[in-house]
**Student:** 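One structure, as C-alpha cells, below. Some questions next.
Numbers for residues simply follow the sequence, beginning at 1. Values in this document were obtained by computation on a predicted structure and should not be read as measured data.
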Amino acid sequence: MSGRLLRLVCTAAVAVGTALAPLPAAAVPEPEPEPHERSVADLVTDLQRLYREAEEATETYNATEEKLKEKRAEVTRLDTQLSKARLSLHDSRGAAGRLARQQYQNTTTISPYVRLLLARDPQHALDQGHVIGQLARERAVTVGRLTGTEHRADELARRARRALDDQLTLAARQKQEWDGVQEKLADVEALLASLTAEQLTRLAEFEEKGVEKAQEQLTTSGALGEEDRKPTRKGETALRYARRQLGKPYEWGAEGPRTYDCSGLTSEAWAHAGTRIPRTSQEQWARLPRIPLKNLRPGDLVIYFPKATHVAMYVGRGKVIEAPRTGQRIKISPIAAHPLLGAVRPDRRAQPQTARTRKGADQPPATEAR
C-alpha cells in the first residue's frame, strides 16, 4: 500500500471513530420526572411558589382596583364641578349681556364732567356721578367674574378629560391583571390535578409539620415576647369582626361580606372599627406604623413574604386570623404559617385597655347587636 493510500485509510478510520464515539453524559438532558416520582418537599415548594405568585398577582390587581375607585370618584367630582362652573358661566354671560345692553342704551355724547358743569343742582349731579361710579365698579366685577369663570371651566374640562383618560388606562390594566391572576390559579389547579389522593395527603402532612417546626423555632427564640398584651378598644372591635368571618371562603379580590381575600379581611375589619387603612397588604406594610414582633397585641397586622403579599390579624398567644388562599376558608393559624416579614399597627397612638375598660368587652357594641 502506497504511503498516500495509507494516509487516506487512516484519516477515514479516525473520522469514523469520531463519529461513533459516545457523547458526554452532560449533553443528554434529563427527562422531567413525573409528578408521582417527585419528592413531597419539591411538590410543596412548587405549590407554595404558585400560591405565592397567585397572591402577588391578586394584590397587584387589588392595588389597581383601589386606584380605579379613586379615579372614578375624581371623575365624578370633576364632572360635578364642571357642571356647576358651566351654570355659573351661563349666569355670568347673561349678566354681562345685560350690562352691555344697558351701556349701549345709556350712551351719550356729553361727558359726565360737562353735565356736572351744566347741572342746575350740582349736588344732584354729584349723587348721579356716585351712582355712575358704582355701576362702573359693578360692571368691572361682573366682567372679572365672567373671565375667571371661563378660565375655571376650561381648566376643569381639561382635568376631567385627563382623569377620564387615566380611568380608561387603569381599567385596561385591571383587565390584564385579572387575566394574570386567572393564569396563576390555573397553574395551581393543573399541579393539584396531576397529584394522587395519597400525594395530596402527604403534601398536607408535610406542610403542617413544616409550620409546626417554624412555630416552635419562633416561640423558643423569644421573638414574640413573653407578655400577653391587651388590645385597644378599636383593635378589639376589629378582631371581633374578623372572628365573625371564620369559616367563610377565601376569594381573591373579595372584601366581604360573604368572601374575602387576605387584605380584604384586615381592611374591612379595621374599617368596621372606625379606622380606614390601605386596601392591600403591600400598602398596609408601606404606610402603617411598624412595630417589633415582641410588642404585638391583638388587632395588629402581621405581614408575610419578602414582597409583603400576605397579611393576617394577630389574635394573641402566637396565633393569627387569616384568609389563607384559594380553596381554603378563613381560619386561625400559627403566626409562623408563612415566612414572616414584620408587623404593623393601625392605631399605634391608642393605649391598650385596662381591666376596667375591658369589662364587658366580649359583648358587642350597641351598633353591632343583632
Side-chain angles (χ1 to χ4, degrees), residues 55 58-59 62-63 65-66 69 228-291 293 295-304 308-326 328-335 337-338 342-355 357-370:
E55 196 154 47
T58 296
E59 290 300 282
N62 289 340
E65 173 67 14
E66 286 303 293
K69 287 180 182 177
D228 188 14
R229 298 176 182 273
K230 306 300 180 185
T232 62
R233 183 178 298 277
K234 284 190 173 183
E236 189 166 274
T237 302
L239 184 58
R240 188 162 53 241
Y241 177 91
R243 284 185 181 277
R244 290 203 299 270
Q245 314 315 313
L246 287 171
K248 291 185 178 180
Y250 174 100
E251 181 181 3
W252 70 272
E255 301 175 72
R258 294 182 177 85
T259 58
Y260 297 84
D261 64 16
C262 65
S263 55
L265 175 63
T266 55
S267 59
E268 285 298 305
W270 272 100
H272 186 78
T275 299
R276 287 287 175 185
I277 65 173
R279 165 65 175 90
T280 69
S281 59
Q282 292 169 327
E283 284 297 298
Q284 290 169 9
W285 174 246
R287 293 167 54 185
L288 296 179
R290 299 180 186 180
I291 57 170
L293 291 177
N295 292 341
L296 275 171
R297 64 190 184 203
D300 290 341
L301 305 183
V302 182
I303 311 295
Y304 296 95
T309 50
H310 188 69
V311 61
M313 180 177 291
Y314 190 63
V315 301
R317 299 186 179 182
K319 301 288 186 180
V320 294
I321 290 179
E322 65 166 342
R325 63 194 186 197
T326 299
Q328 295 190 357
R329 295 178 177 271
I330 296 173
K331 63 179 182 178
I332 295 179
S333 303
I335 191 174
H338 317 282
V344 295
R345 177 166 293 164
D347 59 341
R348 184 171 188 173
R349 295 183 179 180
Q351 296 298 317
Q353 300 184 86
T354 63
T357 60
R358 294 187 73 249
K359 184 178 180 180
D362 290 337
Q363 299 298 323
T367 57
E368 295 178 1
R370 293 290 184 267

**Student:** With side-chain hydrogen bond (donor to acceptor under 3.5 Å, both in side chains) as the criterion, how do Asn62 and Glu59 come out once you've worked through the C-alpha distance, each side chain's angles and the decisive distance to 0.1 Å?
**Tutor:** CA-CA 5 Å; Asn62 289 340; Glu59 290 300 282; 3.0 Å; yes
**Student:** Check for a donor-acceptor pair, side chain of Tyr314 on one end and backbone N or O of Gly318 on the other, with a separation under 3.5 Å.
**Tutor:**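 It does hold such a pair.
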**Student:** For the residue pair Pro346 and Gly299, what are the closest heavy atoms and their distance?
**Tutor:** CD-O, 4.4 Å
**Student:** From Asp261 CG over to Trp252 CH2, what is the distance, rounded to the nearest 0.5 angstrom?
**Tutor:**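 With rounding to 0.5 Å, CG (Asp261) is 9.5 Å from CH2 (Trp252).
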**Student:** Between Val320 and Val315, which heavy-atom pair has the shortest distance, and what is it?
**Tutor:** N-CG2, 4.0 Å
**Student:** Got Arg258 and Glu251 here, is their nearest side-chain heavy-atom distance under 4.5 Å?
**Tutor:**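 A side-chain contact is absent here, since even the closest heavy-atom pair is not under 4.5 Å.
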**Student:** Give a yes or no on whether a salt bridge exists between Lys69 and Glu66, defined as a side-chain N under 4.0 angstrom from a carboxylate O.
**Tutor:**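 Glu66 and Lys69: salt-bridged.
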**Student:** Where do Ala238 and Ala273 come nearest, in terms of heavy atoms and distance?
**Tutor:** N-CB, 3.8 Å
**Student:** If we ignore hydrogens and angles and just use 3.5 Å, is the side chain of Lys248 paired with the main-chain N or O of Ala323 as donor and acceptor?
**Tutor:**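 Side chain of Lys248 to backbone of Ala323, a donor-acceptor pair under 3.5 Å: no, none is there.
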**Student:** Taking atom CZ of Arg240 and atom NE2 of His272, what is their separation to the nearest 0.5 Å?
**Tutor:** 7.5 Å
**Student:** Establish, from distance only, whether the side-chain atoms of Ser263 and Gln284 form a donor-acceptor pair under 3.5 Å.
**Tutor:**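 Distance-only check fails for Ser263 and Gln284.
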**Student:** Say whether Glu268 and Tyr260, considering side chains only, have a donor N or O and an acceptor N or O under 3.5 Å apart.
**Tutor:** no
**Student:** Between Leu239 and Ile321, is any pair of side-chain heavy atoms under 4.5 Å apart?
**Tutor:**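 Leu239 reaches Ile321 side chain to side chain.
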**Student:** Answer yes or no: is there a donor N or O on one side and an acceptor on the other, between the side chain of Trp270 and the main chain of Lys234, under 3.5 Å?
**Tutor:**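 Here the side-chain-to-backbone pair does not exist.
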**Student:** Heavy-atom distance under 4.5 Å between the side chains of Met313 and Glu322, does that happen here?
**Tutor:** no
**Student:** If you measure from the Lys or Arg side-chain nitrogens to the Asp or Glu carboxylate oxygens, is any gap between Glu255 and Arg279 under 4.0 Å?
**Tutor:**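 Between Arg279 and Glu255 there is a salt bridge, with a charged N closer than 4.0 Å to a carboxylate O.
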**Student:** Is it the case that the side chain of Thr259 and the backbone of Gly256 share a donor-acceptor pair, with hydrogens and angles ignored and the cut-off at 3.5 Å?
**Tutor:**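 Checked: no pair found.
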**Student:** Just by distance, do the side chain of Arg229 and the backbone of Pro298 share a donor-acceptor pair under 3.5 Å?
**Tutor:**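 Between the backbone of Pro298 and the side chain of Arg229 there is no qualifying donor-acceptor contact (under 3.5 Å).
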**Student:** Do Trp285 and Arg290 come within less than 4.5 Å of each other through their side chains, counting heavy atoms only?
**Tutor:** yes
**Student:** Can you find a pair of side-chain heavy atoms, one from Lys319 and one from Ser333, that are under 4.5 Å apart?
**Tutor:** no
**Student:** List the steps, then state whether side-chain hydrogen bond (donor to acceptor under 3.5 Å, both in side chains) holds for Asp347 with Thr275.
**Tutor:** CA-CA 8 Å; Asp347 59 341; Thr275 299; over 6 Å; no
**Student:** Rounded to the nearest 0.5 Å, how far does CD of Glu236 lie from CZ of Arg297?
**Tutor:**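 One finds 12.0 Å between CZ of Arg297 and CD of Glu236.
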**Student:** So, Asp300 side chain and Arg345 main chain: donor-acceptor pair closer than 3.5 Å or not?
**Tutor:**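 Not at all, since once roles are kept as given, no pair shorter than 3.5 Å links the two residues.
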**Student:** Rounded to the nearest 0.5 Å, how far does NE2 of His310 lie from OG1 of Thr266?
**Tutor:**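 Thr266 OG1 to His310 NE2: 9.5 Å, rounded to 0.5 Å.
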**Student:** Look up atom CZ in Arg325 and atom OG1 in Thr58, then write down how far apart they are to the nearest 0.5 Å.
**Tutor:**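 It comes to 13.5 Å.
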**Student:** Is the shortest side-chain heavy-atom distance between Tyr241 and Arg244 below 4.5 Å?
**Tutor:** yes
**Student:** So how far is it from Ile277 CD1 to Thr280 OG1, rounded to the nearest 0.5 Å?
**Tutor:** 10.0 Å
**Student:** Closest heavy-atom contact between Ala308 and Ser281?
**Tutor:**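 Closest approach of Ala308 to Ser281: O-OG, 2.6 Å.
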